[in-house]
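All chains are named by letter (A, B, ...) in the order of the sequence lines, taking the proteins before the strands, and each is independently numbered beginning at 1.
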Protein chains: 2
Amino acid sequence: MRMVIATCSVVYTGRGDTRLPAAVRAILIKTDGAVSIHSDFGNKPLNYMGKGSIHTESEADGTLVWSFDSRKESIQIHLHAVHSDSDHLLSEVEPGLVRDGTEPQLQAWLAEHPEQLGPGYTLVGREYPTGAGPVDLLVLDEAGTPVAVEVKRVAMLGAADQVSRYMEALRSEVEFQHVRGMIAALDVRPKTRLLAEKRNISWVELPRTWRDERVVTGSSEPSLGEEE
Amino acid sequence: MRMVIATCSVVYTGRGDTRLPAAVRAILIKTDGAVSIHSDFGNKPLNYMGKGSIHTESEADGTLVWSFDSRKESIQIHLHAVHSDSDHLLSEVEPGLVRDGTEPQLQAWLAEHPEQLGPGYTLVGREYPTGAGPVDLLVLDEAGTPVAVEVKRVAMLGAADQVSRYMEALRSEVEFQHVRGMIAALDVRPKTRLLAEKRNISWVELPRTWRDERVVTGSSEPSLGEEE
DNA sequence: TGGTGCATTTCGCCC
DNA sequence: GGGCGAAGTGCACCA
């Protein structure tokens with residue numbers, strides 16, 4: 001990875017257009033062609049370019065200009081003054097981040113414990129296909145009525161919309177004429193609760209301790225399969 | 001901004017939980033307390049922490065450990081070996097990125113040119129309040145029927161959902177009993193078109209040249225006010 | 001390669 | 001400070 005500290009101004013054209021007035025910033029150039037320009041504030045780079053960009057060098061008005069171009073985008077960095085330029089050897093193989101507590105894991109846990117959604121609930125399927133894309137979980141309530149469940153860590157308005165969309169698609173099939181909708185999340189936001197209730201979508205907040213419970217319940221059912 | 005090149009492993013706890021096996025990476029520490037850990041690939045840091053974190057140093061099993069803690073999150077970086085450690089003075093005042101072609105600008109342009117939505121269309125309001133949040137534009141069609149318009153650069157399924165939500169809220173008011181819905185975007189994705197049509201939401205694709213036309217139209221109407 | 005949805009999304013705006 | 005929505009979102013996954 002190469003890092004250049006420079007007084008620079010930037011012009012970007014692509015999905016949108018941006019320009020960045022001159023200031024001293026850090027430019028990171030990675031081996032895969034990813035480029036990012038950082039100020040001394042915040043996590044997000046001011047300008048950036050995805051991996052696979054092609055680096056060319058030119059000059060305009062006596063100023064060094066670096067261009068990074070990809071299929072549909074292009075960025076030009078005007079280097080008014082270079083204060084530092086260094087190369088650093090990072091690992092060529094990145095082990096990668098291991099996440100825990102993700103939505104897919106929450107979904108898997110619920111698939112094994114559908115009773116968390118309501119007493120007597122049973123699983124029909126995960127990522128169950130509908131005409132509007134796969135719904136996270138399809139379950140049956142205690143009365144045997146199908147319920148389309150959207151799983152989220154934090155449920156906001158869009159979650160209710162997704163449920164509505166899946167219900168809308170499923171209702172055109174005979175066996176799902178009376179499908180209900182449900183949001184299952186660790187955190188269901190207030191406005192989302194209101195919207196859900198107005199649309200007759202039920203919601204449950206799951207215990208924050210679900211990952212601990214996953215272990216506890218797992219130990220009481222010794223023959224469970226491997227988890228994601 | 002401080003940059004440390006180090007063989008490090010990381011543990012993060014907060015909104016989720018992650019761990020990162022040991023490898024050589026670049027650690028950026030900014031003056032506002034933002035921290036990010038980069039591999040040599042891609043733009044997104046593997047681990048990160050927002051501004052305002054508090055940095056403390058300790059030791060575990062003879063290894064240097066840096067902790068960065070904020071209100072609800074915490075990250076620990078185990079520095080197995082430090083290969084480089086440098087400080088760089090970046091601009092204390094960042095001029096900031098200037099964007100062009102954003103959604104608010106597109107919205108402003110449409111507000112001045114409602115005929116782009118259809119012949120005879122007139123503007124009622126921008127960010128017009130509904131019980132489900134403000135709708136981008138409220139206009140009247142040539143027959144005087146109100147139309148709730150969601151403006152997007154790229155319209156995907158969520159855009160249709162937003163329109164549905166606003167219509168749902170507006171219809172409970174007498175004067176908007178028969179409000180229609182509309183998506184106005186530079187790019188309306190195929191599945192979004194289908195969903196919109198199924199829900200009786202109309203859609204228009206706006207000319208990619210709208211920013212040029214903004215200039216052209218402006219020159220033919222010399223007394224227009226300042227734009228955003 | 002394009003479509004769709006998650007993300008420790010980040011960030012900004014408004015309440 | 002919390003809620004909500006845009007983003008040049010990035011990114012993985014899947015058709």
Between N or O atoms, less than 3.5 Å apart, protein on one side and nucleotides 13-15 of chain C on the other: list the pairs.
none

Results of salt bridge (charged side-chain N to carboxylate O under 4.0 Å, His left out) for B:Asp187 - residues two or more places apart only: B:Arg189
Atom-to-atom span, CZ of A:Phe41 to P of C:dC11 - whole angstrom: 13 Å
Atom pair distance, as rounded to whole Å: CZ in A:Phe68 and C1' in D:dG8: 17 Å
pair A:His55-A:Ser53: side-chain heavy atoms closer than 4.5 Å: no
Set of residues satisfying ring-ring contact (aromatic ring centres under 6.0 Å, His included) with respect to B:Tyr128, sequence neighbours excluded: B:Phe176
Nearest-Å distance for atom pair CG/P, residues B:Leu195 and C:dG5: 10 Å
Integer-rounded Å distance: C:dC11 P and B:Lys44 NZ: 12 Å
Salt bridge (charged side-chain N to carboxylate O under 4.0 Å, His left out) involving B:Arg126 - partner list, sequence neighbours excluded: none
Qualifying residues under side-chain hydrogen bond (donor to acceptor under 3.5 Å, both in side chains), relative to B:Arg99, sequence neighbours excluded: none
Rounded distance in Å between the C1' positions of C:dC14 and D:dG8: 24 Å
Using a cutoff of under 3.5 Å, can you pull out all pairs of nitrogen or oxygen atoms linking the protein to nucleotides 12-15 of chain D, with atom names and distances?
none

Under-3.5 Å N/O pairs linking protein and nucleotides 1-5 of chain D:
unit_1 : atom_1 : unit_2   : atom_2 : d
D:dG3  : OP2    : A:Arg189 : NH1    : 3.0
D:dG5  : OP1    : B:Arg165 : NH1    : 3.3

Sugar-phosphate, base or nothing in reach of A:Gly42, heavy atoms under 4.0 Å: sugar-phosphate
side-chain hydrogen bond (donor to acceptor under 3.5 Å, both in side chains) involving B:Arg171 - partner list, sequence neighbours excluded: none
Sugar-phosphate, base or nothing in reach of B:Leu106, heavy atoms under 4.0 Å: nothing
Contact residues, residues 12-32 of chain B to DNA chain D [heavy atom, < 4.0 Å]: none
Salt bridge (Lys or Arg N to Asp or Glu O under 4.0 Å) partners of residues 38-47 of chain A, not counting sequence neighbours, each pair once: none
Residues that B:Ser9 engages under side-chain hydrogen bond (donor to acceptor under 3.5 Å, both in side chains), provided they are two or more places apart: B:His80
A:Trp210 and A:Gln116: side chain donor to acceptor below 3.5 Å: no
Inter- and intrachain pairs under side-chain hydrogen bond (donor to acceptor under 3.5 Å, both in side chains), touching residues 13-25 of chain B, at least two apart: A:Glu94-B:Arg25, A:Arg211-B:Asp17, B:Arg15-B:Glu73, B:Thr18-B:Asn47
